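A short worksheet on the structure shown next.
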Amino acid sequence: MARPIDALLAAMTLEEKIGQLTMTEGSGHGVARDVQTAIRQGGLGSLLNVHHAPTVRELQRLAVEETRLGIPLVFGLDVLHGHRTIFPIPLAEAAAFDPALWEKTAAAAAAEATRDGIMLTFAPMLDLARDPRWGRIAESPGEDPLLGSRFAAAKVRGFQGHALSDPMRLAATAKHIGAYGAVTAGREYASSDISERSLLELHLPAFKAAAEAGVAAVMAAFTDIAGVPAHANVALLRDRLRQGWGFDGVVVSDYGAIAELVPHGVAADIAEAAALALNAGVDIDMMGGAYRRGLPAALARGLVGAEAVDAAVMRVLRLKEQLGLFDDPYRGLSRSAPADDGLVRGLAREAARRSIVLLSNDGVLPLPPTLRRVAVVGPLAAANRPMLGPWAALGDATPATTIADGLRRALPSCAIDVAMGTPIDGADTSGIADACRIAEAADIIVLCLGEDDTMSGEAGSRARPELPGAQRTLAEVMLDLGKPVVALLTSGRPLIVPWLVERASAVLATWFLGHEAGHAIADVLTGAANPSGRLPVSWPRDVGQVPIFYAERPTGRPAEAANRFTSKYLDLPATPQFPFGHGLSYSRFVLSGLRISADEIRSGDDVEVAVEVANDGPAAGQATILLFIHDPVACVARPRLELKDFTRVGLMPGERESVRFRLASETFMFPGRDLSPVLETGEIEILVGTSAAPDGLLRTSLRVIADREAEPRRGAIPEPRTESGPGR
Ligand code: NOJ
């Protein structure tokens, strides 16, 4: 029996087919008249950025009632970290190292967005990012492929739930495949030129995890890899994504990116651009009109076959079918908002608290209850919009809690004085005198520094990811007063501030935390919440160290202070200011007794690794335990550390618990010399700790016995070098 969508395809004209592959945009509450005409003519299959329920209803009515075939539209929007209620930016939320939280916030965003008629979100953003100059690091889960993969799977589960037809869930889009985060020098939209190995080991795992979790759509990146733009990359989209991973969902272009194949230098005209993209497997053309303008000519010239058009249309129709649109094109629209959104706000506050990373603390935090007067100083002290971050969807309608308001609420019997000191950007220092006046009268200064929301996100690259404007001048004046200074960094990236870390009593990464920013920050400063965020990216000391990440490969000449001819800088340490996984707490977690259930593992087996975690500090808290491996001798050099699992444990003061990890033999596989996966016989180090800082890790080892060795080798953990180091 023919399925309805097969029958639809058979009945469609070429114009209607191309219509299904075309997505255009509205502007919140409306769309232009020509867009309405295009809908009536069957010339559009989906829309983005229309998010006003009555408008969605009316446009859907046009599609269903006034077109020849009555095919419903899909409405898409960037619901990245919240819809109406804004949660922390992805980089911040990644710091929670908690898939259950990631899933909950995605589900809550989906529930809000579907009420506005949205069915498809262009999220999660999964681009691995190791360069804080790149503005989109804010949207990314950070530098690590395993962390990114867990984030991907959790977000897909949260957005999509068990069935796309659930009217409270959204179809998710894993974006942007591939290696957008590797753009040259962190410059937005620039070319990336990386090895196949980096692509495979670093940039693709999160997308594979999303595909395995059943993600409905994948978006191609604006950028190219070594001259092949993602939108024309057959090896990536067709061979790897569709054939290799079995992804049978929709591939959507980025905004205008198919037409951009012309300026990219791989297509002579729009017909060639359209053919390249369709042949590579891009189904939906977002905004470029490239399919509408180019596909008829591409077909006529024989650049693309009619069956490729049909296959793409079928994937779009299947998405509509899975969303339940043929049964209820108005899905979600009749649900009214809950009378009380307190639960979602509560979740936003929890997510925000757990995203904060306490970078340094000389004991000034938590703030003592005896405080009488606090000066809240800096351009972010009473800032509202910036708290929401660069991609805040519809969050603008409600103001975020400012840091000053959060502190006022948390410390009702303490005087809170506020002064901006300087604007976020620009040279104006005229407010510093006022800031000094209130700071001099205070017991403590809470210094609210950082970026504006417009300084990160898309097209938010900064060659110098430092404090903008005159903020350093303000901070130095405050530090010179000799009072305790707690510095809060509002930003979409690690900010390079070694001088501040050296002098402030405490420094916290507070990112862009969303609507509950001020409350969450006050919770952490006062100790109502014990900070538990951990850095999902290495935090550099200097822009000259970038890109910087923990999973470096070894060098033949490891750094030695006394030997010039080793891997280091003459003018800077090579280590980051704070390593991946770093984050302090008001508890003190001590790890001991690392053990493993077997000395060896064979293909198909698994082993258990256990470690004791004790809370020796005064406060109840959450520890995050990271498990890394290191393969010291392999057919290709493996990174010094590779994250393979992580978990969290909550402990009361004085409490201890055994934390367990299960490692399957596949954990020790990696792409061999020819890039196909290998398991090699040999010793593997297992390292467990709370960050990637090498000196804090407990170590044990395990012998892997591969049944069929791809490249036999002798394997042993090498003894430390005793001979003299390398020379010139
Ligand atoms: C461009 C961005 O790269 C992409 O992430 C986003 O989904 C689209 N614009 C639509 O807003």
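By convention here, the first residue in the shown sequence is residue 1. Counting convention: from 1, in listed order, for ligands and their atoms alike. If you're wondering where the values come from, they're calculated on a predicted model, not measured in any experiment.
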task: Could you list the atoms of ligand 1 found under 4.0 angstrom from a heavy atom of W391?
output: 11 (O)
query: What's the spacing between T24 OG1 and D34 CG if we round to 0.5 Å?
result: 8.0 Å
task: Of the side chain and backbone of Y180, name the one, both, or neither that has a heavy atom under 4.0 Å from an atom of ligand 1.
output: neither
Non-hydrogen atoms of W245 and L204 that approach each other most closely: CH2-O, 3.7 Å
query: Just heavy atoms, cut-off under 4.0 Å: does L48 contact ligand 1 by side chain, backbone, both, or neither?
result: side chain
message: Residue-level breakdown please: for M287 versus ligand 1, do any non-hydrogen atoms fall below 4.0 Å on the side chain, on the backbone, on both, or on neither?
response: neither
- prompt: Salt bridge or not for E58 and R61, using N-O below 4.0 Å?
  reply: yes
- request: Starting from atom 7 (O) of ligand 1, locate the nearest protein heavy atom and write down its residue, its atom name and how far away it is, to 0.1 Å.
  value: D78 OD1, 2.6 Å
message: Using a 4.0 Å cut-off to any heavy atom of F222, which atoms of ligand 1 qualify?
response: 1 (C), 3 (O)
query: Judging by distance only, is a nitrogen or oxygen of D254 under 3.5 angstrom from one on ligand 1?
result: yes
- prompt: Do Y291 and Q20 meet the criterion of a side-chain donor-acceptor pair at a distance under 3.5 Å?
  reply: no
query: Can a non-hydrogen atom of M125 be found less than 4.0 Å from any atom of ligand 1?
result: no
message: Regarding D453 and R385, does a basic nitrogen lie under 4.0 Å from an acidic carboxylate oxygen?
response: yes
- prompt: Under 4.0 Å between a Lys/Arg side-chain N and an Asp/Glu carboxylate O for R242 and D283?
  reply: yes
task: Decide whether an N or O pair under 3.5 Å exists between K175 and ligand 1.
output: yes
task: Give yes if a backbone or side-chain nitrogen or oxygen of R136 is under 3.5 Å from a nitrogen or oxygen of ligand 1, and no if not.
output: yes
- prompt: Side chains of D127 and S140: donor-acceptor distance under 3.5 Å anywhere?
  reply: no
- prompt: Is it true that R354 and D98 make a salt bridge, defined as a side-chain N closer than 4.0 Å to a carboxylate O?
  reply: yes
- request: State whether the shortest distance between N or O atoms of H176 and N or O atoms of ligand 1 falls below 3.5 angstrom.
  value: yes
